[in-house]
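Below is one structure, written out as C-alpha cells; the observations come after it.
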Amino acid sequence: MSELLDDKFFADPHEHYRRWREAGPVHRVDFGDGLDRWLILGYEQGRAALADPRLRKDIDLFEQVLARKRGVPRVNPRPREALRHMLNSDPPDHTRLRKAVARAFTTRRVALLEPVIERTTRELVDAMDEFERVDLLDAFAVPLPVTVICHLLGVSIDDRDTFRAWTRALVGTDDPATDRARAHHDMVRFLRNMLRDKRVHPGEDLLSLLIVDDEARLDDQELVGMALLLLVAGHETTVNLIGNGALALLRDRPWLERLHADPGLIPGAVEEFLRLDGPVDLATPRFTVEPITVGDTVIPAGEVVYVALAAGNRDPAHYPDPDQLHPADEHSAHLAFGHGMHFCVGAPLARLEAKSAFTALLRSFPNMRLAVPESELRWYPNPVIRGLTELPVRLRPE
C-alpha cells in the first residue's frame with residue numbers, strides 16, 4: 001500500500017525515510033493524484049539505479065507510461081518546449097544535448113566566472129550590512145546564483161525579478177497546477193523571444209553558442225527547453241544549497257564558529273551541506289522498461305521510479321551517525337548531484353558559488369542567528385526541490 005506525500009513529509013522527509021527504511025530500501029508513495037510511485041531509499045541501491053539503463057527518462061515514453069497507469073491519455077499543461085531537454089531524454093539524444101552544454105561547465109570555464117561571483121557576493125553582503133534583520137534567501141541566497149546564471153546565459157539582469165517569480169511558481173505555490181502552468185507558458189514565450197533576438201544579435205553567452213552549434217543540431221524546441229532547464233536548475237538548486245546550508249550552521253554553532261575561524265574548511269563543509277540536506281530531495285523521475293530488483297522487491301516494467309537522493313545521503317548503512325554534520329573533504333561521494341549520465345552538469349559552478357557565499361557570510365556575520373523559532377520555518381511542498389520559503393536571520397544579535 002502506498003503512502004501519501006503530504007505536508008508532514010515536506011516539513012521533515014527524513015523522519016519518513018527513517019521509518020520507511022525499516023521495511024527495506026524501496027517504498028511506494030502517492031503524490032496526491034492516486035498513482036503509485038516507487039522511491040528507492042538506500043545509498044547503494046540509489047546509486048545503482050541512477051546508472052541503470054533499464055530506468056529510462058524519454059519524455060514521450062514517460063507520458064505513455066503515465067497514460068497507461070491512469071487509464072486515460074495524459075494531458076500535460078506545460079508547453080512542449082518546457083519538456084524537451086536533457087533531463088527528459090536518453091541516449092543518443094541525451095548524449096548530444098549534454099555535450100552541447102557540458103563545455104560551458106568545465107572547471108576551467110567555471111573558474112572564469114569567479115570574478116562575477118566574487119563581485120556579486122561582495123555587493124550583496126555590503127547591501128545586507130545596512131540591516132539588523134533580513135530574509136537571507138531574498139537578500140542573498142536568491143540574487144547571487146540568479147545573477148551568475150543570467151550572466152552565463154546572456155539573460156538581461158533587468159529580467160531577474162520576473163524570472164525569479166516564475167521559478168517560485170514552478171517550485172511550489174498555493175495553487176500549483178494553475179500557477180506552474182502559467183509560469184511555464186510565460187517563460188517559454190520569454191525564451192522564444194530572447195532566442196529569436198540572439199539569432200540576429202549573438203553574443204559570447206552560452207545560449208548564443210548553442211544556437212550556432214552545428215554539431216549539437218538543437219531544434220527550436222530543444223533550444224527553448226535547454227534554456228529553461230539551465231535557467232531554473234542553474235540557480236534554484238544553488239539557492240537552496242546556500243539556504244539549507246545556512247540553516248544547518250544556525251542549528252550548529254560550533255560548526256559555524258569552526259568555519260569562521262578556518263575558512264579553508266568551507267569547501268569540505270559545502271559537501272556536508274549537500275549530503276545532510278541537499279537542494280534536491282528526489283531525483284527527477286525514471287520509468288522501468290523491464291522488471292528490476294531492489295533489495296527483496298521486484299519493481300515491474302512500466303512503473304515510475306524516483307531515487308530519493310536525500311534518503312540515500314542519510315543511509316545509516318553507508319554513513320555513521322548520518323543526521324549530524326561531520327568533517328568532509330572536497331570529494332565526498334554523496335548523491336546530491338546525482339550519479340551516472342545525468343550527474344549535474346552544473347556541479348562545479350554550484351560548488352564555487354557556495355564556497356564564495358559561505359566565506360563572505362561567515363566573514364561578515366559570524367554571530368548571525370535565526371530571527372524566528374525554527375518551528376515557524378516553512379518548506380516548499382515540492383517532492384523534488386528541498387528548499388525553505390524564507391530564512392529570517394538577525395545579522396548582529398544582542
Practice problem: For the pair Ser364 (side chain) and Ala360 (backbone), establish whether a donor and an acceptor sit closer than 3.5 Å, ignoring hydrogens and angles. | Solution: yes

Exercise. Mind jotting down which residue pairs meet the salt bridge (Lys or Arg N to Asp or Glu O under 4.0 Å) criterion with at least one end in residues 113-123? Sequence neighbours excluded, please.
Key: none

Practice problem: Indicate yes or no for a side-chain donor-acceptor contact from Asn88 to the backbone of Ile59 under 3.5 Å, with no hydrogens or angles considered. | Solution: no

Exercise. Check whether any side-chain N or O of Asn240 sits under 3.5 Å from a backbone N or O of Gly243 as a donor-acceptor pair, and report yes or no.
Key: no

Quiz item: When you measure from the side chain of Thr288 to the backbone N and O of Pro300, does any donor-acceptor pair fall under 3.5 Å?
Solution: yes

Practice problem: Cation-pi check, Arg275 to Tyr319: give yes when NZ or CZ is under 6.0 Å from the six-membered ring centre and within 45° of the ring axis, no otherwise. | Solution: yes

Quiz item: Do the side chain of Gln45 and the main chain of Pro25 share a donor and acceptor less than 3.5 angstrom apart?
Solution: no

Exercise. Mind checking the CE-CG spacing from Met226 to Leu206? Nearest 0.5 Å is all I need.
Key: 8.5 Å

Self-check item: From Asn313 atom CG to Glu272 atom CD, the distance as rounded to the nearest 0.5 Å
Solution: 9.5 Å

Practice problem: Kindly say whether Gly312 contributes a backbone atom to a donor-acceptor pair with the side chain of Arg314 at under 3.5 angstrom? | Solution: no

Quiz item: Who pairs with Glu374 by side chain to side chain donor-acceptor pair (under 3.5 Å), at least two apart in sequence or on another chain?
Solution: Arg251

Quiz item: Linking I/L/V/M/F/W/Y whenever any side-chain heavy atoms sit under 4.5 Å apart, do Val212 and Leu207 land together?
Solution: yes

Practice problem: Take Val26 and Leu39, measure what side chain to side chain contact (heavy atoms under 4.5 Å, CB included) needs, and give me the verdict at the end. | Solution: CA-CA 5 Å; Val26 64; Leu39 294 191; over 6 Å; no

Practice problem: Using a cut-off of 6.0 Å, state whether more than 12 heavy atoms not belonging to Asn193 lie near its atom CG. | Solution: yes

Quiz item: Does Glu303 pair with Arg286 as a salt bridge, N-O distance under 4.0 Å?
Solution: no

Exercise. Taking atom NZ of Lys198 as the centre, report whether more than 12 heavy atoms of other residues, nucleotides or ligands fall under 6.0 Å from it.
Key: yes

Self-check item: Which atom of Ala350 lies closest to which atom of Leu241, heavy atoms considered
Solution: O-CD2, 4.0 Å

Exercise. Test the Arg396-Phe365 pair against the cation-pi criterion, namely NZ or CZ under 6.0 angstrom from the six-membered ring centroid and within 45° of the ring axis.
Key: no

Quiz prompt | Leu35 side chain reached by Arg37 side chain, heavy atoms, under 4.5 Å | solution = yes

Quiz item: What's the shortest heavy-atom distance between Val155 and Leu231, and which atoms?
Solution: CG2-CD2, 3.8 Å

Quiz item: Hey, are Asp90 and Lys57 close enough for a salt bridge, meaning a charged N less than 4.0 Å from a carboxylate O?
Solution: no

Quiz prompt | Sub-6.0 Å ring centroid separation between His342 and His94 | solution = yes

Exercise. Verify whether the ring centers belonging to Phe9 and Tyr17 lie closer than 6.0 Å.
Key: yes

Exercise. Write down the atom of Ala49, the atom of Val307, and the distance for their closest heavy-atom approach.
Key: CB-CG2, 3.9 Å

Self-check item: Which atom of Ser89 lies closest to which atom of Leu97, heavy atoms considered
Solution: OG-CD1, 4.0 Å

Quiz item: Among pairs that include at least one residue of residues 255-270, which meet side-chain hydrogen bond (donor to acceptor under 3.5 Å, both in side chains), considering only residues two or more places apart or in two chains?
Solution: none

Quiz item: Does Asp321 CG have over 12 foreign heavy atoms under 6.0 Å away?
Solution: yes

Practice problem: I would like to know whether Arg217 and Arg96 meet side chain to side chain contact (heavy atoms under 4.5 Å, CB included); could you show each step before the answer? | Solution: CA-CA 8 Å; Arg217 305 182 310 280; Arg96 172 176 57 86; 3.6 Å; yes

Quiz item: So does Glu271 pair up with Arg351, basic N to acidic O under 4.0 Å?
Solution: yes

Exercise. Decide whether Leu4 and Trp38 are clustered together by the hydrophobic rule: side chain heavy atoms of Ile, Leu, Val, Met, Phe, Trp, Tyr closer than 4.5 Å, transitively.
Key: no

Practice problem: Answer yes or no: is there a side-chain heavy-atom contact under 4.5 Å between Phe273 and Leu247? | Solution: no

Quiz item: Checking Asp315 side chain against Gly42 main chain: does a donor-acceptor pair fall under 3.5 Å?
Solution: no

Quiz item: Would Leu395 end up clustered with Val372 when hydrophobic side chains under 4.5 Å apart are linked, directly or stepwise?
Solution: yes

Quiz item: Do Val384 and Asp281 come within less than 4.5 Å of each other through their side chains, counting heavy atoms only?
Solution: no

Self-check item: Path from Val148 to Ile157 over hydrophobic side-chain contacts below 4.5 Å
Solution: no

Quiz prompt | Leu209-Ile149 co-clustered via ILVMFWY side chain contacts under 4.5 Å | solution = no

Quiz item: Is a side-chain N or O of Ser208 found less than 3.5 angstrom from the main chain of Glu204, in a donor-acceptor match?
Solution: no

Quiz prompt | Note, Pro392 side chain near Leu377 side chain (heavy atom, < 4.5 Å) | solution = yes

Exercise. Run the salt-bridge test on Asp52 and Arg56 with the 4.0 Å N-O cut-off and return the result as yes or no.
Key: no

Quiz prompt | Among Arg199, Arg196, Arg84, the one residue meeting salt bridge (charged side-chain N to carboxylate O under 4.0 Å, His left out) with Asp220 | solution = Arg199

Practice problem: Let me see the working for Ser356 and Thr121 under side chain to side chain donor-acceptor pair (under 3.5 Å), right down to the final yes or no. | Solution: CA-CA 7 Å; Ser356 177; Thr121 302; 3.0 Å; yes

Quiz item: Roughly how far, to the nearest 0.5 Å, is CG of Leu391 from CG of Leu370?
Solution: 6.0 Å

Quiz prompt | Separation between OG1 of Thr147 and CD of Glu353, rounded to the nearest 0.5 Å | solution = 9.5 Å

Exercise. Examine distances only and state if a side-chain atom of Asp30 and a backbone atom of Asp33 form a donor-acceptor pair shorter than 3.5 Å.
Key: yes

Exercise. Could you tell me the separation between the CE atom of Met187 and the OG1 atom of Thr162, rounded to the nearest 0.5 Å?
Key: 10.5 Å

Exercise. Locate the shortest heavy-atom distance separating Val29 from Phe31; write the atom from each residue and the value.
Key: CG2-CE1, 3.8 Å

Quiz item: Are Met341 and Arg98 close enough, and set up right, to give a side chain to side chain contact (heavy atoms under 4.5 Å, CB included), and what steps lead you there?
Solution: CA-CA 9 Å; Met341 74 172 72; Arg98 185 179 176 96; 5.9 Å; no

Quiz prompt | Side chain proximity check, Leu152 to Leu113, heavy atoms < 4.5 angstrom | solution = yes

Quiz item: So, do Asp213 and Leu218 sit near enough that their side-chain heavy atoms are less than 4.5 Å apart?
Solution: no

Practice problem: Report yes if the side chains of His27 and Leu41 come closer than 4.5 Å at any heavy-atom pair, otherwise no. | Solution: yes

Practice problem: Could you pull out the closest heavy-atom pair between Leu274 and Pro279, with the gap in Å? | Solution: CD2-CD, 3.9 Å

Quiz item: Side chains of Phe62 and Val304: does their closest heavy-atom pair fall under 4.5 Å?
Solution: yes

Self-check item: Atom pair CZ/CG of Phe358 and Leu265 - distance to nearest 0.5 Å
Solution: 14.0 Å

Quiz item: Between Asp36 and Lys69, is the closest basic N to carboxylate O distance under 4.0 Å?
Solution: no

Quiz item: Can any side-chain N or O of Thr237 pair as donor or acceptor with the backbone N or O of Ala233 at less than 3.5 Å?
Solution: yes

Practice problem: Please test Leu361 against Met128 for side chain to side chain contact (heavy atoms under 4.5 Å, CB included), starting from the C-alpha separation and ending with a verdict. | Solution: CA-CA 10 Å; Leu361 282 176; Met128 285 195 296; 3.8 Å; yes

